[in-house]
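Worksheet: one structure, shown below.
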Amino acid sequence: MLPHQSSYTLLGVPVISGFTSRRTNKTENWTRRFSIIKDSHIYLFKSRRDKKPEEEISLFGAVTERDRSGKLNKDFVISLKPHQSLLDQDHLDLIYYFATDSEASITDWLVSFNQEIEAAESESKIFGTSIQVACSKRTDGLLVPEIVEQTIEVLLDPELHYLEIEGFCQIAGDTQQMESIKNRIDYGMVVDFSEIKDPHVIVGVLKLYFEKLKDPLFPIELFEEFQKCLKIPNNDNKLLAIKETLKKLPDENYDTCKYLFDFLVRVSALCEINKMDATKLSVIFGPSLIRQENTSTTENIESTSFQEELIKILIFNYEILLLNDLDNEEFDQNNFQSKSGIKTRVIAIHPYTAQGKYQISFTKGQIITVLKKDKSGWWYGKIDEETKGIFPSNYTTEITRLGQFNNISQETEYVSELTIDSARKSNQELSRKLNSFKQKSGVEGRNSLEELLIEVLYEMKMLKIQLALERSERIKLEEKFIDMNKN
């Protein structure tokens with residue numbers, strides 16, 4: 001029914017304590033227990049001397065009231081209904097009853113119950129509060145609400161391919177499941193979004209969080225200022241004004257905005273597959289991200305148009321408006337090389353179409369040299385000397401440390417070992433190319449080796465070939481791969 005792993009400690013002052021009689025609607029017998037209400041729980045002990053409770057009941061979301069039915073053979077009774085999200089499916093109708101021996105004492109217990117229920121909700125609740133409240137509950141100092149980080153992290157998992165689902169972000173999730181998740185989070189419970197199999201539910205919870213915010217992501221006080229920005233006719237001046245207004249956001253709002261729009265840009269980048277371009281995303285997210293209070297019908301129509309336009313601009317110009325540390329197009333490449341002087345290179349595992357003038361487009365299998373890594377997940381790199389810009393790193397996978405072998409025969413042997421299983425299972429063409437490569441040497445041989453390596457890595461990623469090696473060994477082997485042409 002309820003988790004019985006005790007969270008009780010001897011520290012802290014109880015709200016109320018004393019002996020009560022306890023039963024449920026599943027049992028007929030009353031049992032006398034020493035009871036303590038504290039820390040949003042009621043703890044039941046067999047005796048006053050016990051240090052570990054026999055049972056504990058969470059008060060998160062519970063409902064209590066006086067029972068005056070007269071059917072319980074007691075005069076002074078309180079009924080307690082735990083929140084359904086805390087109960088097993090087989091016990092959703094569970095009700096606890098607590099009885100004392102006087103009107104005064106039962107009143108004290110009822111007041112204490114309600115006091116702790118209210119405190120529990122205000123302490124853990126994040127829906128309907130502010131971004132600052134949600135961030136204040138983090139222990140790592142990050143200025144993005146955990147619910148935003150956790151939902152987006154799962155949705156961007158490249159192994160799940162959620163971004164490739166047609167109608168992603170638009171299809172409604174199960175309302176009842178979303179409400180249950182919301183309640184569990186608000187009652188201080190941990191929700192593992194990786195265990196939720198419906199991506200539309202995860203997106204729905206993310207949207208619900210922003211919809212319920214007391215003050216939206218773009219604060220109401222900046223609504224008119226953003227409106228003025230959009231009325232500027234010159235596009236460059238318009239973007240500059242929006243960028244300056246974004247800097248007025250509280251730190252928590254700014255970092256959350258950056259995190260959310262990084263996600264929306266990645267979704268829109270796959271619009272040919274998921275049919276979710278910037279226009280559709282602006283319609284879906286706009287009203288919950290920026291709004292004004294007490295508006296007329298006419299003002300609401302104008303507001304909706306403005307909301308959608310602002311969201312589209314932020315998606316199309318994300319790197320200009322929100323990636324402050326990537327404003328400059330040129331970077332010192334040497335600052336971002338490893339200590340050994342070997343450059344980091346990545347191979348594209350998904351195609352990507354640039355969404356702004358500072359981004360680069362690429363196709364599956366294309367190689368990118370990384371010049372700068374940013375913690376946002378947007379990296380700066382080049383395909384060739386003429387094609388430089390930023391790109392989403394989760395569309396690629398690293399090719400690291402190729403060129404650490406002593407001679408080409410060792411490189412050949414290594415690639416042979418890596419190829420053997422994949423060639424046998426999925427692509428006999430790789431074996432043919434490997435045999436051809438073994439007959440070559442020098443620069444031609446090295447070029448052939450790199451081409452073969454790209455195909456092997458592509459097959460490993462896209463066809464999910466399971467090598468005989470353990471994951472840790474695979475990583476260790478892949479670290480041997482990097483640009484053989486060091487200089």
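Atoms considered below: every heavy atom in the structure, side chains included; atoms not considered: hydrogens, waters and symmetry mates. In this text the structure is predicted, and so the values were computed from the model without any measurement.
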Discussion item. Quick one, Glu272 with Asp277, criterion side-chain contact (heavy atoms from CB on, under 4.5 Å). Give me CA distance, side-chain angles, the key distance, then yes/no.
Written reply: CA-CA 8 Å; Glu272 292 186 6; Asp277 57 18; over 6 Å; no
Worksheet entry | Derivation and outcome, side-chain contact (heavy atoms from CB on, under 4.5 Å), residues Gln307 and Leu289 | CA-CA 8 Å; Gln307 292 161 346; Leu289 299 181; over 6 Å; no
Practice prompt. Could you please spell out the steps behind the side-chain contact (heavy atoms from CB on, under 4.5 Å) verdict for Phe285 and Leu314?
Written response: CA-CA 12 Å; Phe285 283 90; Leu314 287 168; over 6 Å; no
Item to complete: Any chance you could lay out the side-chain contact (heavy atoms from CB on, under 4.5 Å) test for Leu240 and Asp236, step after step, and finish with the verdict?
Response: CA-CA 6 Å; Leu240 181 61; Asp236 289 340; over 6 Å; no
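Contact of the Pro145 side chain with the Thr256 side chain is registered, since non-hydrogen atoms from C-beta on lie closer than 4.5 Å. With contacts defined as side-chain heavy-atom distances shorter than 4.5 Å, the pair Ser35/Leu44 qualifies. For the pair Ile42 and Ile36, the minimum side-chain heavy-atom distance is 4.5 Å or more. By the 4.5 Å heavy-atom criterion applied to side chains, Val346 and Ser393 are not counted as neighbours. In this structure, the side chains of Ser58 and His41 come closer than 4.5 Å at one or more pairs of heavy atoms. Residues Ile313 and Leu321 form a side-chain contact, since some pair of their non-hydrogen atoms from C-beta on lies under 4.5 Å apart. Val148 has its side chain within reach of Leu206: a pair of non-hydrogen atoms, C-beta onward, lies under 4.5 Å apart. No side-chain heavy atom of Val63 sits under 4.5 Å from any side-chain heavy atom of His83.
Salt bridge Asp262/Arg266: present, at least one basic N to carboxylate O contact under 4.0 Å. Taking 4.0 Å as the cut-off between side-chain N and carboxylate O, Glu55 and Arg22 count as a salt-bridged pair. The pair Glu221-Lys248 does not count as a salt bridge, with every side-chain nitrogen at least 4.0 angstrom from each carboxylate oxygen. Note on Lys228 versus Glu225: no salt bridge recorded, every NZ/NE/NH1/NH2 to OD/OE distance being 4.0 Å or above.
Atom OG of Ser40 is separated from atom CD1 of Ile57 by 13.5 Å, given to the nearest 0.5 angstrom. Of the inter-residue distances, the one linking Ser17 atom OG with Ile37 atom CD1 reads 9.5 Å to the nearest 0.5 angstrom. Between atom CG of residue Leu260 and atom CD1 of residue Ile315 there is a gap of 8.5 Å, rounded to the nearest 0.5 Å. Interatomic distance, CD1 of Ile147 versus CD1 of Ile131, reported as 11.5 Å (0.5 Å rounding). Atom CH2 of Trp379 sits about 5.5 Å away from atom OG1 of Thr396, to the nearest 0.5 Å. Here the CZ-CG distance, from Arg23 to Leu72, works out to 5.5 Å after rounding to the nearest 0.5 Å.
For Pro219 against Pro250, the heavy-atom pair with the smallest separation is CG-CD, 4.1 Å. Across every non-hydrogen atom of Arg291 and Lys214, the tightest pair is NH2-O, 3.8 Å. For the residue pair Leu155 and Pro199, the shortest heavy atom distance occurs at CD2-O, 3.9 Å. Listed here is the closest heavy atom pair of Leu222 and Thr245: CD1-O, 4.2 Å. Minimum heavy-atom separation, Phe45 to Asp50: CD2-O, 3.5 Å. The nearest pair of heavy atoms linking Val201 to Asp174 is CG2-N, 3.7 Å.
In this view, Tyr352 and Gln359 satisfy the side-chain hydrogen bond (donor to acceptor under 3.5 Å, both in side chains) rule, not counting sequence neighbours. Taking the side-chain hydrogen bond (donor to acceptor under 3.5 Å, both in side chains) definition, one finds that Arg184 meets it with nothing, sequence neighbours left out. With sequence neighbours left out, the ring pair (Phe, Tyr, Trp, His ring centres under 6.0 Å) criterion links Tyr259 to no other residue. Applying the ring pair (Phe, Tyr, Trp, His ring centres under 6.0 Å) rule to Tyr162 yields no partners; only residues at least two apart in sequence or on another chain are considered. By the side-chain hydrogen bond (donor to acceptor under 3.5 Å, both in side chains) test, Ser102 is found to be paired with Ser105, residues two or more places apart in sequence or in another chain being considered. A search for side-chain hydrogen bond (donor to acceptor under 3.5 Å, both in side chains) contacts involving Thr64 returns Asn114, not counting sequence neighbours. Applying the ring pair (Phe, Tyr, Trp, His ring centres under 6.0 Å) criterion to Tyr97, with sequence neighbours excluded, gives no partner residue.
A distance below 6.0 Å separates the ring centres of Phe223 and Phe306.
Lys280 places a side-chain N or O within 3.5 Å of a backbone atom of Lys275 that can act as its donor or acceptor partner. With Lys372 contributing its side chain and Gly381 its backbone, the two residues share no donor-acceptor pair below 3.5 Å. In this structure, Thr353 contributes its side chain and Ala269 its backbone to no donor-acceptor pair below 3.5 Å. Within the 3.5 Å criterion, the main-chain N or O of Ile126 finds a donor-acceptor partner in the side chain of Asp186. Tyr318 places a side-chain N or O within donor-acceptor distance of the main-chain N or O of Lys258, the cut-off being under 3.5 Å. Formation of a donor-acceptor pair under 3.5 Å by the Asn253 side chain with backbone atoms of Leu217 is found in this model. Side chain of Asn234 to backbone of Asn237: a donor-acceptor contact under 3.5 angstrom is found.
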Under 3.5 Å donor-acceptor pairs involving side-chain atoms of residues 163-172, not counting sequence neighbours:
{"residue": "Glu164", "atom": "OE2", "partner": "His161", "partner atom": "ND1", "Å": "3.1"}

N/O donor to acceptor pairs below 3.5 angstrom from side-chain atoms of residues 188-196, sequence neighbours left out:
{"residue": "Asp192", "atom": "OD1", "partner": "Ser194", "partner atom": "N", "Å": "3.0"}
{"residue": "Asp192", "atom": "OD1", "partner": "Ser194", "partner atom": "OG", "Å": "2.5"}
{"residue": "Asp192", "atom": "OD2", "partner": "Ser194", "partner atom": "OG", "Å": "3.2"}

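Annotation: Glu103, atom CD; neighbour count of heavy atoms from other residues, nucleotides and ligands within 6.0 Å is above 12.
Identified under the side chain to side chain donor-acceptor pair (under 3.5 Å) test for residues 197-208, with sequence neighbours left out: none. The side chain to side chain donor-acceptor pair (under 3.5 Å) contacts involving residues 133-147 comprise Arg138-Asp140, Arg138-Glu149, where partners must be two or more places apart or lie in separate chains. Applying the ring pair (Phe, Tyr, Trp, His ring centres under 6.0 Å) rule to pairs touching residues 110-135 yields Phe98-Phe113, Phe127-Tyr209, sequence neighbours excluded.
There is a side-chain donor-acceptor pair under 3.5 Å between Ser69 and Asp67. At a cut-off of 3.5 Å, with distance as the only test, no side-chain donor of Asn183 or Ser180 sits close to an acceptor on the other residue.
For the side chain to side chain contact (heavy atoms under 4.5 Å, CB included) with Ile368, the qualifying choice from Phe391, Tyr380, Tyr395 is Phe391, the only one to do so.
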